[in-house]
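Every chain is numbered from 1 and lettered A, B, ... according to where its sequence line falls, protein lines coming before strand lines. The structure displayed is predicted, hence computed values, not measured ones. All values below come from the heavy atoms of this structure, side chains included, with hydrogens, waters and symmetry mates left out.
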Number of protein chains: 2
Amino acid sequence: MTFEEAKDRFIHTWGTLATQWGINRSMAQLHAVLLISPEPMSTEDVMEQLQISRGNASMNLRDLMDWGLIYKQLKVGERREFFIAEKDIWKVARQVAKERRRREITPVVDVLNELKAIPADTPESQEFHRVMEGLSNVVGFADNTLNAVIEAEENWLMSQFLKVFR
Amino acid sequence: MTFEEAKDRFIHTWGTLATQWGINRSMAQLHAVLLISPEPMSTEDVMEQLQISRGNASMNLRDLMDWGLIYKQLKVGERREFFIAEKDIWKVARQVAKERRRREITPVVDVLNELKAIPADTPESQEFHRVMEGLSNVVGFADNTLNAVIEAEENWLMSQFLKVFR
DNA sequence: TTATAATTTCAAAATATATTGAAAGTTTTG
DNA sequence: CAAAACTTTCAATATATTTTGAAATTATAA
């Protein structure tokens, strides 16, 4: 496999994976392209590399900035904006964990807490209560895990984790 | 909030959450309905409760069985098939972790290993190599975490985990 | 200030995904 | 075996999501 093929394969794989995660292909591929670029890239650059429209590039680059995965970079004497990706992959993971926690876990925790409070008098509502309790535990676990990733500023915590579950 | 409202809220919330995770609404709602039902339900039952078509119910019930989240149950003297959900929520979590690992993590691990092997001679390919190494580590971490959930047969392992990251 | 360059917005079009429902298939019963 | 009861399949339809591209907006330079 040549280097060019490898790049394409990575960009393509990243895009496919992302769609399974509710992230659109363009956004994932933009991220992939910027991740492996040693140089800042302009909007034109990424448009050309991925063969996507200006609007698409603009919107998804902005989303990537909202996620904290890429930054704008200005070049002196250049009017255009350039973009660079966050290259610390653990930081990327922390950002993603943080966003997903905020968007997906927190609302569910709130709903489950509300639903746990429903009186459990009939067989039906008792079953319901049991299920809500169980889900609370599992979601709490997911929440803890994401938090562990988010809070892990130093490597020792990560390596300790890896040790426990070797 | 009445019990009926709580049920609806749960079914709706579960369906919404699922779409963010690449699981379709019907499948998630079918799962929710069966989870909180103390009794086995027939296809007709779930069709009526969720107001979905026969084909939709049939296909998604089958998918849920493939995921190991629900089971068929036969009633004596009944010709129809009934369905019950796996009620052990930790088992549900393990099943989901197992499926997602198989479908999402494993293929990425393979691709990354392949791409890590690309010679790193130019600045571009060196950057590429660095990124692949970093991603390998992060994906490896996700893989370990999912494995921990999958392998956790006993509660002590889970509680130990929770302790580490309190 | 005006012209120019670059970026953002958003309605329309394209694409992808989910759902329906009727026909085909399967299993059970008499 | 044939009829009835039930389940599955899949082409057509509906819905949701993504992408485009041109117009509007904003920022910079002359």
Subject >> Options dT8(D), dT7(C), dT20(C), nucleotide nearest the side-chain atoms of Thr43(A) >> reply: dT7(C)
Original post:
Are any of the side-chain nitrogens in Arg9(A) or Glu5(A) under 4.0 Å away from the carboxylate oxygens of its partner?
Top reply: no
Original post:
Does some side-chain heavy atom of Lys87(A) sit less than 4.5 Å from a side-chain heavy atom of Arg130(B)?
Top reply: no
**OP:** For the side chain of Asn56(B), starting at C-beta, report the closest nucleotide among dT20(C), dT19(D), dT7(C).
**Re:** dT20(C)
Subject >> Arg25(A) vs Ser58(A), nearer the 5' end of DNA chain C by closest nucleotide >> reply: Ser58(A)
Original post:
Touch check for Thr19(B), heavy atoms < 4.0 angstrom, all strands: base, sugar-phosphate only, or nothing?
Top reply: nothing
Subject >> For atom CD1 of Ile23(B) and atom P of dT19(C), their distance in whole Å >> reply: 13 Å
Original post:
Starting at the 5' end of DNA chain D, which residue's closest nucleotide do you reach first, Arg79(B) or Ser53(A)?
Top reply: Arg79(B)
**OP:** Select base, sugar-phosphate, or nothing to describe what Asn24(A) touches, counting heavy atoms under 4.0 Å on all strands.
**Re:** sugar-phosphate
**OP:** Hey, which sits more toward the 5' end of DNA chain C by its nearest nucleotide, Gly55(B) or Lys72(A)?
**Re:** Lys72(A)
**OP:** Check the distance between dT20(C)'s C1' and Gln51(B)'s CD and give it to me in whole angstrom.
**Re:** 13 Å
Original post:
Roughly, in whole Å, what's the span from CG in Asp45(B) to P in dT7(D)?
Top reply: 11 Å
**OP:** Measure the distance from CG on Leu61(B) to P on dA18(C) and round it to the nearest whole Å.
**Re:** 16 Å
Subject >> Sugar-phosphate only, base, or nothing, as touched by Arg80(A) at under 4.0 Å among non-hydrogen atoms >> reply: sugar-phosphate
**OP:** Measure the distance from CD on Glu44(B) to P on dG21(C) and round it to the nearest whole Å.
**Re:** 14 Å
Original post:
Atom NZ of Lys75(B) and atom C1' of dA5(D): how far apart are they, to the nearest Å?
Top reply: 17 Å
**OP:** Identify which nucleotide among dT7(D), dT28(C), dT28(D) has an atom closest to any side-chain atom of Glu81(B), counting heavy atoms from C-beta outward.
**Re:** dT7(D)
Original post:
Could Arg54(A) and Glu44(A) be called an ion pair, given the rule that one side-chain N must be under 4.0 Å from one carboxylate O?
Top reply: yes
Subject >> Interatomic distance where CD1 belongs to Ile52(A) and C1' belongs to dT8(C) [whole Å] >> reply: 14 Å
Original post:
Between Phe3(A) and Phe128(B), what is the ring plane arrangement, given parallel below 30°, perpendicular above 60°, and tilted in between?
Top reply: perpendicular
Original post:
Which whole-number value in Å describes the distance from Arg54(B) CZ to dT8(D) P?
Top reply: 11 Å
**OP:** Measure from NZ or CZ of Arg100(B) to the centre of the six-membered ring of Trp21(A), then state whether that distance is under 6.0 Å and the direction lies within 45° of the axis.
**Re:** yes
